[in-house]
Amino acid sequence: MPEGHTIHRLARDLASTLGTEPLQVTSPQGRFADGAADLDGRSLVQADAWGKHLFLDFDGPRLHVHLGLIGKFRRPRGDGPIPDSVRLRIENGDTAWHLTGPQTCRLVEPGEVSEITDKLGPDPLRRGARPDRFVEALARRRAPIAAALLDQNIIAGIGNVYRAEFLFIEGIDPVTPAANLRPDQALALWDLAKAQLRQGVRLNRIVTVSADDAGSPPGRLRRADALYVYKREGRPCRRCATEITIGQVGGRSCWWCPSCQS
DNA sequence: ATAATATGGTGAT
DNA sequence: TCACCCTATTATC
């Protein structure tokens, strides 16, 4: 679930559903009991996403949430029992949200927010993001481009799915040293990231396959048809039918087409 | 039942 | 480069 698009969509959905009225905040699991007590009865005045970081401003206290690999922030359907795993529950009259398995859920001082965001690379989903900083950061790196795209200090919000998909779409070999990319290739990656992450926010899921390649609009694609290479090792490339390859790049599995990406 | 896996990141070795 | 954290779902005995 969580790459940058997820967090930006969450910021939007939390703000629109929770409004600005006082909220009930609890920690059914108990591991955020003190923080929840501080937030209880306050209202949400702003929800802001920076890459994969989410900051919720409760009119004073600020909550920092990072979902990590398995965290989820979702609206429980119906009104069954509240699972023991819910770290944070926020509710108003009509809406409830459950946060489970987050890597981070803690109150921070206002200064800590900028401390965190200052270290992040540009986030293509934020207004005023600086693509030139992304391009310059790549030019300084000898690490493989596939590793650089996962580095949140270089570009914020890309995860393991998008990095593989972007490199396929741009026809770039994942192990190419970042500094070896031409400036136009680096800029193309930025523009692609911006367009794809925006679409991810809109659809609330990752769909990278183009309407041309899929033969149907992106929103209607089945899960299995939504991606070009991610987790498709051994299967034929959608463009050239060569077998998709898997390898470790930057400590994570990466997938690519050895023919389209060289 | 138990294990493996996951769109992430940190801290120790 | 590894071990580890957190939870839910799927795969394998």
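Just the heavy atoms: all of them, side chains too, but no hydrogens, waters or symmetry mates, feed the values below. Order of the sequence lines fixes the chain letters, A, B, ..., with proteins taken first and strands second; residue numbering starts at 1 for each chain.
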Between Arg252(A) and dA6(B), is there a side-chain N or O to OP1/OP2 distance below 4.0 Å?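 Arg252(A) to dA6(B) OP1/OP2: no side-chain N or O under 4.0 Å.
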Contact class for [X] vs. all strands (heavy atom < 4.0 Å): base, sugar-phosphate, or nothing?
| X | value |
| --- | --- |
| Arg205(A) | nothing |
| Gln248(A) | nothing |
| Gly159(A) | sugar-phosphate |

Given 3.5 Å as the limit, does a donor-acceptor pair link the side chain of Arg252(A) with the main chain of Ala147(A), or not? no
Would Arg239(A) and Asp212(A) pass as an ion pair if we require N to O under 4.0 Å? no
Protein-nucleotide distance ([X], atom [atom1]; [N], atom [atom2]), rounded to Å:
| X | N | atom1 | atom2 | result |
| --- | --- | --- | --- | --- |
| Arg106(A) | dG9(B) | CZ | P | 16 Å |
| Lys72(A) | dA6(B) | NZ | C1' | 8 Å |
| His66(A) | dT10(B) | NE2 | C1' | 11 Å |
| Ile154(A) | dG8(B) | CD1 | P | 15 Å |
| Leu150(A) | dT10(B) | CG | C1' | 15 Å |

Residues in contact with DNA chain B, drawn from residues 111-125 of chain A - heavy-atom cutoff 4.0 Å: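 Result for residues 111-125 of chain A: none.
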Contact residues, residues 160-171 of chain A to DNA chain B [heavy atom, < 4.0 Å]: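 Asn160(A), Val161(A) - these, ordered by number, are the residues of the stretch whose heavy atoms sit under 4.0 Å from the strand.
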Partner residues of Asp57(A) under the side chain to side chain donor-acceptor pair (under 3.5 Å) criterion, sequence neighbours left out: Arg62(A)
Can you list the residues that meet the side chain to side chain donor-acceptor pair (under 3.5 Å) rule with Asp151(A), with sequence neighbours excluded? Arg141(A), Asn153(A)
Anything under 4.0 Å to a heavy atom of chain A counts; send over the first and last such nucleotide of DNA chain C, read 5' to 3'. dC6(C) to dA8(C)
So do the side chains of Cys257(A) and Ile244(A) get within less than 4.5 Å of each other, counting heavy atoms only?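 Side-chain contact under 4.5 Å: yes.
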Under 3.5 Å, sequence neighbours excluded: what are the donor-acceptor pairs made by side chains of residues 94-107 of chain A?
| unit_1 | atom_1 | unit_2 | atom_2 | d |
| --- | --- | --- | --- | --- |
| Trp97(A) | NE1 | Thr17(A) | OG1 | 2.9 |
| His98(A) | NE2 | Arg89(A) | NH1 | 2.8 |
| Arg106(A) | NH2 | Glu112(A) | OE1 | 2.8 |

